[in-house]
Every structure is written in structure tokens, then in C-alpha cells.
Amino acid sequence: MQTARRVVCAMSGGVDSSVAALLLRRRGYDVTGVFMNNWDAVDENGACSLEKDCEDAYRVCKMLDIPFHQVSYVKEYWHDVFSYFLKEYERGRTPNPDILCNKHIKFNRFLSYAIDNLGVDAIATGHYARTSLEDKEVFQQKYMKTPQSLFRNRFEIRNDVKLLQAADQIKDQTFFLSQISQNALRKTIFPLGELTKAYVKKIAAEAGFHHVLRRKESMGICFIGERHFENFILEYLEPQPGKFVSVEDGQIMGTHKGWFLFTLGQRARIGGQRDPWFVVDKDVTTGNVFVAPTTDHPALYRELVRTDRMHWLSEDPPAELVKNKMMECQFRFQHQMALGELTEILEM
């Protein structure tokens with residue numbers, strides 16, 4: 001008799017990870033639920049739900065009759081995710097903590113813990129995403145903790161795993177998985193990839209997971225939760241008061257507590273202004289935030305965008321880009337944003 005494959009499911013206490021664990025159990029796998037604590041709630045005065053999240057995850061595991069573990073990555077999250085998050089804000093950029101968390105914590109440190117400490121064959125999460133591998137193919141993949149060499153053997157035959165959009169286009173979360181490694185993709189199962197959110201809730205209701213169905217959908221910063229963003233950031237970064245300046249005539253429209261609190265394109269809530277104004281640019285030297293009226297103002301549009309070093313899920317850039325130094329592709333810079341057309345140019 002063949003031994004059941006062992007899978008660790010990352011449990012958040014929410015409906016998605018709970019149903020993911022249930023579906024893995026129904027497939028006959030030996031499932032273990034693990035709750036990650038990545039934020040030190042003791043130091044926070046805000047309402048943090050970590051203890052409640054952990055309790056809800058434990059209740060689901062008990063209902064499914066599967067082992068439950070807790071693991072702490074508080075120090076790792078602070079070093080790999082939150083410190084970088086703050087530094088990027090200080091530089092005038094807007095990083096996405098969920099992308100960083102998936103890259104450094106869930107699909108790196110957690111993956112290593114699951115395989116090295118728990119001896120599992122694969123990990124699973126409640127993300128709405130798919131890969132090009134079937135479950136049985138995931139179990140056949142070899143796990144390499146670190147690359148054996150900085151240089152790829154050019155004669156090596158590779159069958160790269162593709163990250164695919166979820167069946168539920170509204171809930172698709174591949175944007176948040178865009179920085180994870182090929183190695184992680186090879187050892188991950190996404191049980192919800194073919195399902196809609198409505199059907200996942202139906203499964204949860206039929207399974208009696210009423211306590212997780214009553215929970216509000218999480219929309220806050222990864223593992224930190226929902227906070228008043230301005231107040232939260234100003235707990236860690238010194239206020240740097242500045243002015244809102246109109247790009248049309250240079251008129252001062254109002255004041256703010258720090259240019260790092262604003263993202264290009266977002267609505268600038270300027271006191272005393274009845275009409276909406278939107279952020280066009282930021283001057284980190286003067287602290288001025290330049291704004292424009294209406295959502296279709298020409299100053300809000302760009303024809304050229306420069307990126308930092310690219311992360312390729314396949315590890316190597318597409319052959320077309322290498323050969324022609326340019327490639328037609330699609331892009332988005334926000335979750336749920338419609339895909340746009342783009343010509344990518346490789347700068348040497």
C-alpha cells in the first residue's frame with residue numbers, strides 16, 4: 001500500500017486556507033496545518049487579530065482531524081519585508097508588502113521549514129492561482145534549497161513551471177505571487193485555482209466552517225492587518241511636512257505630513273478642496289507633492305516606464321527579448337488592474 005503524500009497547508013484562519021486544507025484532505029493527502037506568526041502584536045496598540053486568527057485556524061484543523069503547528073517569523077519578516085518596505089517609502093517609492101512577504105516568507109522560509117523540518121512532499125496555500133503542474137508532478141519535483149551554481153549549465157534540459165491565472169479572474173492573486181522562485185513553484189499546490197470565491201464559501205458552509213465565514217475579508221498589510229495607513233507609517237517614519245502644488249499653475253493647494261505617504265496616481269485628500277486632485281509627482285528634496293485635477297489629466301499619463309532588475313519566474317528572460325532586445329507583452333502594476341499592452345525594451 002502506497003504511503004499518502006504529505007502536504008503542509010499554510011493556515012491563516014480565513015475561509016480560503018481553511019477550504020484549501022479541506023480539499024487536500026479529500027484528495028487523500030496526509031495534511032498538516034501551519035499558522036505563521038510574522039508580526040509582534042505585543043508592541044502594537046492597534047487592534048491586531050493574530051490570536052483570533054490562530055484560534056480560528058486551530059479550530060479548522062481540529063475539525064479536519066489534522067495536526068496543527070505554529071511557527072514564528074517575526075524577526076525575518078521585520079528584516080526581509082518591513083525594513084525594506086520602510087526604506088522604499090523613504091525613497092519615494094511604494095512597495096507591495098504582500099509581494100515581498102510571499103517572496104521572502106511564505107515561499108522561502110516557510111517552504112524550507114515545511115520540507116526540512118516536517119519532511120513534507122509539497123506545500124499548499126489558499127491563493128487563487130494555478131501552475132502548469134498536476135499534483136502528482138509536484139510530488140516528483142526535486143527541492144533545491146540553494147542554487148548549486150551561479151551559472152546555469154547551458155546543456156541542461158529544463159521544463160520550467162508556469163504560474164497561471166486562477167479560474168476566478170476577480171479573485172486571481174498571481175500579481176502577489178509574481179516574485180516567488182521557480183523552486184517554490186515546483187513544490188506548491190494551489191487547491192483553489194480552479195474554483196470561484198462563491199463556490200469556496202459554499203464548500204466552507206457545507207463543511208461547517210461557520211466561524212471563518214463570519215470573518216471580514218482581509219484587506220490590510222500582509223500579516224499586519226487593517227490599519228489607518230497614515231497613522232501606522234508615521235509610527236515608524238518621521239513626519240516631513242510639505243505642500244501640495246498644482247502642476248497647472250504652481251499654486252499651493254494645501255499641506256501634508258510627508259511626501260512618502262502618497263503614491264503616484266492616488267487621490268490626494270486636500271483639506272478645503274471640493275474637487276478631487278491626484279498625485280502626479282513628488283520632490284523628495286523640497287517635500288512638495290505635485291497634484292492635478294481630474295483622473296484624465298495629461299500629467300497623470302506616461303509613455304515610458306523604467307524598471308529595476310526584472311524577476312523572471314522561469315529564471316531566464318524570454319528568448320525573444322534576448323534576441324531582439326524588445327518584446328511585446330502585457331503588464332499591470334496593481335492587483336485587479338486590467339492588463340495593458342507594453343513594448344518591453346532591454347537596456348544593456
So which heavy atom on [X] is nearest to which on [Y], and how close?
X: T125; Y: P191; answer: O-CD, 3.4 Å
X: A57; Y: M11; answer: CB-CB, 3.9 Å
X: F260; Y: I233; answer: CE1-CG2, 3.9 Å
X: L111; Y: A184; answer: CD2-CA, 3.7 Å
X: V291; Y: V280; answer: C-CG2, 4.2 Å
X: A166; Y: A129; answer: CB-N, 3.7 Å

- Task: Using the test salt bridge (Lys or Arg N to Asp or Glu O under 4.0 Å), find all partners of R93 that sit at least two apart in sequence or belong to another chain.
- Result: E88
- Task: Taking salt bridge (Lys or Arg N to Asp or Glu O under 4.0 Å) as the test, write out the residues that go with K171, two or more places apart.
- Result: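 Partners of K171 under the salt bridge (Lys or Arg N to Asp or Glu O under 4.0 Å) test: E217.
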- Derivation and outcome, side-chain contact (heavy atoms from CB on, under 4.5 Å), residues H69 and Y113: CA-CA 11 Å; H69 293 258; Y113 164 80; 4.1 Å; yes
Measure the spacing between [atom1] of [X] and [atom2] of [Y] and express it to the nearest 0.5 Å.
X: T196; Y: I170; atom1: OG1; atom2: CD1; value: 9.5 Å
X: T307; Y: F333; atom1: OG1; atom2: CZ; value: 14.0 Å
X: L177; Y: L185; atom1: CG; atom2: CG; value: 8.0 Å
X: Q70; Y: N37; atom1: CD; atom2: CG; value: 7.5 Å
X: T174; Y: L163; atom1: OG1; atom2: CG; value: 5.5 Å
X: L313; Y: I180; atom1: CG; atom2: CD1; value: 7.0 Å

Under a single-linkage definition using a 4.5 Å side-chain heavy-atom cutoff for Ile, Leu, Val, Met, Phe, Trp and Tyr, are [X] and [Y] assigned to the same hydrophobic cluster?
X: M327; Y: L342; value: no
X: I105; Y: V120; value: yes
X: F176; Y: Y77; value: no
X: F331; Y: L164; value: no
X: V284; Y: Y89; value: yes

Would you confirm whether [X], through its side chain, and [Y], through its main-chain N or O, come within 3.5 Å as a donor-acceptor pair?
X: R215; Y: D56; value: no
X: R25; Y: L64; value: yes
X: D283; Y: T285; value: yes
X: Q141; Y: E137; value: yes
X: H311; Y: Q179; value: yes
X: R6; Y: L118; value: yes
X: S246; Y: Q251; value: no
X: Q182; Y: V161; value: yes
X: E315; Y: W312; value: no
X: K187; Y: D121; value: yes

Can you label the angle between the [X] ring and the [Y] ring as parallel, tilted or perpendicular, going by 30° and 60°?
X: H211; Y: F209; answer: perpendicular
X: W39; Y: F82; answer: perpendicular
X: Y29; Y: F139; answer: perpendicular

Can you establish whether the number of heavy atoms outside [X] located under 6.0 Å from its atom [atom1] is more than 12?
X: E238; atom1: CD; answer: no
X: R27; atom1: CZ; answer: yes
X: D308; atom1: CG; answer: no
X: E134; atom1: CD; answer: no
X: K243; atom1: NZ; answer: no

Can you find a pair of side-chain heavy atoms, one from [X] and one from [Y], that are under 4.5 Å apart?
X: C9; Y: L24; answer: yes
X: H127; Y: N102; answer: yes
X: H104; Y: E76; answer: no
X: F107; Y: N183; answer: no

- After noting the C-alpha distance and the side-chain angles of E230 and R269, does the key distance pass the side-chain contact (heavy atoms from CB on, under 4.5 Å) rule? CA-CA 12 Å; E230 182 175 308; R269 301 191 180 278; over 6 Å; no
- Task: Please name the residue in the list W259, W277, F262 that meets the ring-ring contact (aromatic ring centres under 6.0 Å, His included) test with F244.
- Result: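 Considering W259, W277, F262, a ring-ring contact (aromatic ring centres under 6.0 Å, His included) with F244 is found only for F262.
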- ring-ring contact (aromatic ring centres under 6.0 Å, His included) partners of F68, counting only residues at least two apart: Y58
- Item | Chi angles and distances behind the side-chain contact (heavy atoms from CB on, under 4.5 Å) call for L195, I203 | CA-CA 10 Å; L195 307 180; I203 294 173; 4.1 Å; yes
- Query: side-chain contact (heavy atoms from CB on, under 4.5 Å) with V200: which of L22, V19, L23?
  - Reply: V19
- Task: Quick one: do S181 and N108 satisfy side-chain contact (heavy atoms from CB on, under 4.5 Å)? Show the steps, please.
- Result: CA-CA 8 Å; S181 68; N108 184 11; over 6 Å; no
- State which residue, out of D16, D172, D168, fulfils the side-chain hydrogen bond (donor to acceptor under 3.5 Å, both in side chains) condition with Y128.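 Going through D16, D172, D168 one by one, the side-chain hydrogen bond (donor to acceptor under 3.5 Å, both in side chains) with Y128 is satisfied by D16 alone.
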- Item | Output field: ring centroids Y236/F85 closer than 6.0 Å |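 No, the ring of Y236 stays outside the 6.0 Å limit from the ring of F85, centre to centre.
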- Message: Using the ring centroid of each side chain, check whether F278 and H297 are separated by less than 6.0 Å.
- Response: no
- Look at K103 together with D80 and state whether they make a salt bridge at an N to O cut-off of under 4.0 Å.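 Looking at D80 together with K103, the answer is no, because their closest N to O distance does not fall below 4.0 Å.
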- Give the C-alpha distance, both sets of side-chain angles, the deciding distance and a yes or no for salt bridge (Lys or Arg N to Asp or Glu O under 4.0 Å) between E206 and K202. CA-CA 6 Å; E206 291 172 350; K202 182 174 182 290; 2.7 Å; yes
